[in-house]
Amino acid sequence: MFKKYDIIVVGAGHSGSEAAAAAANMGSSVLLVTMNMANIAQMSCNPAMGGIAKGQIVREIDALGGYSGIVTDKTMIQFRMLNKSKGPAMWSPRAQSDRMLFSMEWRHMLENTPNLDFWQDMVTGLIIDSNKVVGVKTGMGQNIFADAVILTNGTFLNGVIHIGTKQFGGGRMGERASTGITAELVKLGFQSDRMKTGTPVRVDGRTIDFSKLEEQPGDEIPGKFSFTDTKPLEKQRSCYLAYTSQEVHDVLRTGFDESPMFNGRIGGIGPRYCPSIEDKIDRFSDKSRHQLFVEPEGWNTIEYYINGFSSSLPDHVQFEALRKIDGFENARIFRPGYAIEYDFFPPIQLKNTLETKLVENLYFAGQINGTTGYEEAAAQGIMAGINAHLKLRKQDPFILSRADAYIGVLIDDLITKGVDEPYRMFTSRAEYRILLRQNNADIRLTQLSHSIGLATEERNNRVIHKLEIVDKIRDYLERTSITPEAAETMLQANNTSRLSQKVKLASLLTRPQLKIASIKEHIAGFSDFVDELQTNNIEECLEEVEIRIKYGGYIDKEVELAAKLDKLEDLRLHDDFDYFKLPALSYEAREKLSKIKPSTIGQASRISGVSPADISVLTVYLGR
């Protein structure tokens with residue numbers, strides 16, 4: 001029934017979908033195996049993409065040629081740019097999506113991707129030959145062969161769902177767990193562990209009194225994720241804010257005795273930054289209320305997601321507590337919240353390509369590596385798909401550094417530091433935030449991706465044209481002077497001090513109060529120049545120029561720092577390096593380095609327990 005494939009991708013969540021699309025678009029023959037074709041790229045939890053740091057990741061995936069940004073733009077129902085009151089390093093796009101349309105659009109795009117086939121089945125094991133993966137075994141008794149396999153099993157590996165004292169197997173509500181793979185990998189020498197995540201009740205919107213909630217509309221001028229010509233939103237749906245109270249907390253506490261989180265039935269590690277409501281009121285007992293986001297699940301549905309009310313308490317306790325929230329007095333629910341425990345594999349067992357160290361041509365991506373979130377999963381997926389394709393063609397791996405992308409930060413953190421809780425991306429994890437802005441992801445990554453055969457010629461030409469326009473605008477601002485008289489009206493309108501002499505327009509733009517839009521509005525010569533450029537992405541270009549001028553000093557410092565640290569990345573370390581033969585290394589460093597097997601001195605320097613003195617020993621040994 002099956003030909004031999006270049007790559008088999010196991011699991012069609014966000015990670016598997018991006019992995020399959022990337023490898024297929026680069027020219028590999030790919031088989032995507034999923035237990036349910038109806039749930040491709042399912043939004044298992046909240047119906048949203050992006051957010052703080054996560055929005056940057058989605059834009060990076062798009063810049064590389066992935067599908068997440070395009071699908072989000074085509075199915076979003078609201079867009080907001082978060083942190084606009086802060087500097088551009090912190091701006092993060094976020095979109096509410098129509099959950100059902102999102103999955104349908106993903107399937108449509110995958111079905112129209114050449115070189116990609118599908119098979120609905122459960123993968124129960126791997127076919128290994130001489131420490132190299134050569135295929136998969138399925139629940140229907142099929143042996144399917146391939147040169148590489150990417151595992152993206154999400155929360156399905158031996159998944160167990162908890163609702164109070166009730167527990168049953170499942171990878172998601174209404175879907176069975178995946179069994180067999182963990183036991184086989186452990187026999188091969190892999191280390192596995194358990195993690196836990198959760199989801200809140202879904203509520204019938206007809207039973208919510210929205211007059212008691214705070215409306216959260218989208219941006220007046222909505223943005224988008226993709227750098228391609230996807231259409232911006234013309235209308236939006238609002239979200240709402242609600243709040244718990246002391247009365248709500250008291251009701252929730254009545255279920256603590258039956259809580260699987262407190263009575264020991266859940267042993268998996270839970271997320272620190274997205275705790276359940278019972279965990280919140282236990283850990284922050286001094287807080288009398290917690291904020292909830294009430295999010296619509298789509299354009300044409302009455303279902304609402306109560307973000308912040310994740311719970312594994314008994315269903316009757318969840319229901320009773322929900323009805324104590326203002327606006328939810330008469331609420332009906334579609335289903336209760338639940339917790340789910342699942343197997344993951346500590347990611348220090350991976351190379352920086354996401355290939356496993358123990359089995360050649362076997363890749364892990366997504367929640368199997370201990371991450372949480374659609375965006376983090378999708379990022380790993382596209383990188384695993386790219387690198388599996390490149391390795392099969394004996395080409396150099398595609399590695400993004402911490403100065404290249406948030407995706408680089410994510411993967412480096414996973415393989416170097418491992419995880420002791422579900423990993424979630426934050427802007428604070430990146431050392432070079434001003435370089436890794438959401439607006440310049442295409443400038444950073446598209447040409448790199450085009451050089452390996454993923455980003456299209458059209459995308460590449462778009463970036464080249466954008467850079468040309470940016471240079472022209474900046475050159476105009478840096479060579480054009482303005483007199484105090486000509487600037488007077490503009491400066492008064494923006495509450496900034498008058499000029500005493502003629503200055504360059506670029507110099508004026510360094511003032512915090514002044515935006516490039518104001519210069520365009522008040523200075524006719526600049527406005528005419530911009531209009532003559534006749535490009536459909538002029539707002540993107542103007543924003544890039546403004547940031548480069550306003551934050552030029554900070555950008556230059558980060559570029560200089562990244563260049564210095566990048567020298568450590570050029571010093572290679574081999575997997576078979578015997579650290580125990582260097583007694584000058586601390587014993588902890590010898591243990592950690594032997595376990596993680598860093599590929600460079602730079603990566604070694606970021607391992608917890610490896611000191612600067614240990615790095616000096618290594619560089620001396622290497623003759624540097």
Side-chain angles (χ1 to χ4, degrees), residues 41 43 46-63 66-106 109 205 210 213-241 293-301 304-305 307 373-375 378 427 437-443 459 462 466 515-518 520-521 530 535-547:
M43 291 182 136
N46 64 322
M49 288 291 283
I52 295 171
K54 292 168 174 280
Q56 283 86 331
I57 289 176
V58 176
R59 299 214 91 193
E60 289 175 354
I61 293 169
D62 182 77
Y67 288 172
S68 288
I70 295 172
V71 173
T72 301
D73 286 353
K74 288 183 175 182
T75 61
M76 73 168 81
I77 63 175
Q78 187 197 85
F79 181 93
R80 294 181 69 196
M81 185 66 76
L82 307 181
N83 284 338
K84 281 293 284 186
S85 62
K86 300 180 181 179
M90 306 296 286
W91 299 349
S92 300
R94 184 180 191 272
Q96 294 293 135
S97 292
D98 185 306
R99 187 167 61 87
M100 290 176 283
L101 282 180
F102 187 91
S103 181
M104 290 170 58
E105 183 62 32
W106 251 112
M109 292 194 70
F210 290 100
L213 309 184
E214 297 176 27
E215 187 174 6
Q216 287 265 294
D219 288 350
E220 187 174 341
I221 303 176
K224 58 195 191 76
F225 279 95
S226 182
F227 292 99
T228 63
D229 290 326
T230 52
K231 295 180 180 178
L233 278 175
E234 295 181 358
K235 62 176 183 176
Q236 301 186 70
R237 286 199 68 177
S238 289
C239 296
Y240 298 84
L241 292 179
F293 291 89
V294 183
E295 304 174 354
E297 293 266 11
W299 286 116
N300 301 307
T301 179
Y304 277 78
Y305 178 95
N307 197 336
Y374 310 140
E375 302 83 1
T427 50
R437 306 183 305 277
Q438 56 82 31
N439 73 296
N440 72 345
D442 57 337
I443 294 172
R459 279 183 177 270
R462 181 186 293 265
K466 179 177 178 178
K515 305 293 184 185
I516 200 168
S518 294
K520 184 173 180 289
E521 179 184 354
V530 170
T535 182
N536 59 2
N537 63 342
I538 189 63
E539 295 303 323
E540 283 182 35
C541 298
L542 290 170
E543 181 179 76
E544 179 65 17
V545 171
E546 180 172 347
I547 291 171

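Along the sequence shown, the residues carry numbers beginning at 1.
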*Asks:* For Asp219, which residues count as a side chain to side chain donor-acceptor pair (under 3.5 Å) partner, sequence neighbours excluded?
*Replies:*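 Side chain to side chain donor-acceptor pair (under 3.5 Å) check on Asp219 returns nothing, list empty.
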*Asks:* Suppose we screen for salt bridge (charged side-chain N to carboxylate O under 4.0 Å, His left out). Which residues come up paired with Glu544, at least two apart in sequence or across chains?
*Replies:* Arg437, Arg548
*Asks:* Under the salt bridge (charged side-chain N to carboxylate O under 4.0 Å, His left out) rule, collect the residues that match up with Glu543, sequence neighbours excluded.
*Replies:* none
*Asks:* Strictly by salt bridge (Lys or Arg N to Asp or Glu O under 4.0 Å), give each pair with a member in residues 86-100 just once, sequence neighbours left out.
*Replies:*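 Every pair satisfying salt bridge (Lys or Arg N to Asp or Glu O under 4.0 Å) with a residue in residues 86-100: Arg94-Glu295, Arg99-Glu297, Arg99-Glu303.
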*Asks:* With sequence neighbours left out, write down each residue that passes side chain to side chain donor-acceptor pair (under 3.5 Å) with Thr228, or none if nothing qualifies.
*Replies:*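 Side chain to side chain donor-acceptor pair (under 3.5 Å) check on Thr228 returns Ser226.
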*Asks:* Please name all residues satisfying side chain to side chain donor-acceptor pair (under 3.5 Å) with Ser68, sequence neighbours left out, ordered by chain then number.
*Replies:* Glu18
*Asks:* Please determine which of Thr75, Leu101, Val71, Ile70 meets the side-chain contact (heavy atoms from CB on, under 4.5 Å) test together with Trp106.
*Replies:* Val71
*Asks:* Just jot down the salt bridge (charged side-chain N to carboxylate O under 4.0 Å, His left out) partners of Lys74, sequence neighbours excluded, or say none.
*Replies:* Glu105
*Asks:* May I ask you to check whether over 12 heavy atoms, not counting those of Met109, lie within 6.0 Å of atom CE?
*Replies:* yes
*Asks:* Working to the nearest 0.5 Å, report the span between CD of Gln438 and CD1 of Ile52.
*Replies:*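 If we round to the nearest 0.5 Å, Gln438:CD and Ile52:CD1 are 13.0 Å apart.
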*Asks:* Taking only residues two or more places apart in sequence or in another chain, which ones pass side chain to side chain donor-acceptor pair (under 3.5 Å) with Thr230?
*Replies:*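 Thr230: side chain to side chain donor-acceptor pair (under 3.5 Å) contacts with Asp73, Lys224.
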*Asks:* What pairs with Ser238 under side chain to side chain contact (heavy atoms under 4.5 Å, CB included), at least two apart in sequence or on another chain?
*Replies:*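 Once residues adjacent in sequence are excluded, the partners of Ser238 under the side chain to side chain contact (heavy atoms under 4.5 Å, CB included) criterion are Glu215, Pro217, Tyr240.
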*Asks:* Nearest 0.5 Å, what's the CD1-CG distance between Ile77 and Asn300?
*Replies:* 10.0 Å
*Asks:* Given the ring of Phe227, does Arg459 sit roughly above its face, with NZ or CZ under 6.0 Å from the centre of the six-membered ring and within 45° of the axis?
*Replies:* no
*Asks:* List for me each residue that meets side chain to side chain contact (heavy atoms under 4.5 Å, CB included) alongside Glu214, sequence neighbours excluded, and say none if there are none.
*Replies:* Leu241, Tyr243
*Asks:* Would you please name every residue forming a salt bridge (charged side-chain N to carboxylate O under 4.0 Å, His left out) with Asp442, sequence neighbours left out?
*Replies:* Lys466
*Asks:* From Thr72 OG1 over to Arg59 CZ, what is the distance, rounded to the nearest 0.5 angstrom?
*Replies:*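 Separation between the atoms: 11.5 Å.
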*Asks:* For residues Phe102 and Tyr374, establish whether the separation of their ring centroids is below 6.0 Å.
*Replies:* no
*Asks:* According to side chain to side chain contact (heavy atoms under 4.5 Å, CB included), who are the partners of Pro222, at least two apart in sequence or on a separate chain?
*Replies:*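 For Pro222 the side chain to side chain contact (heavy atoms under 4.5 Å, CB included) partners, ignoring immediate neighbours, are Phe79, Leu233, Gln236.
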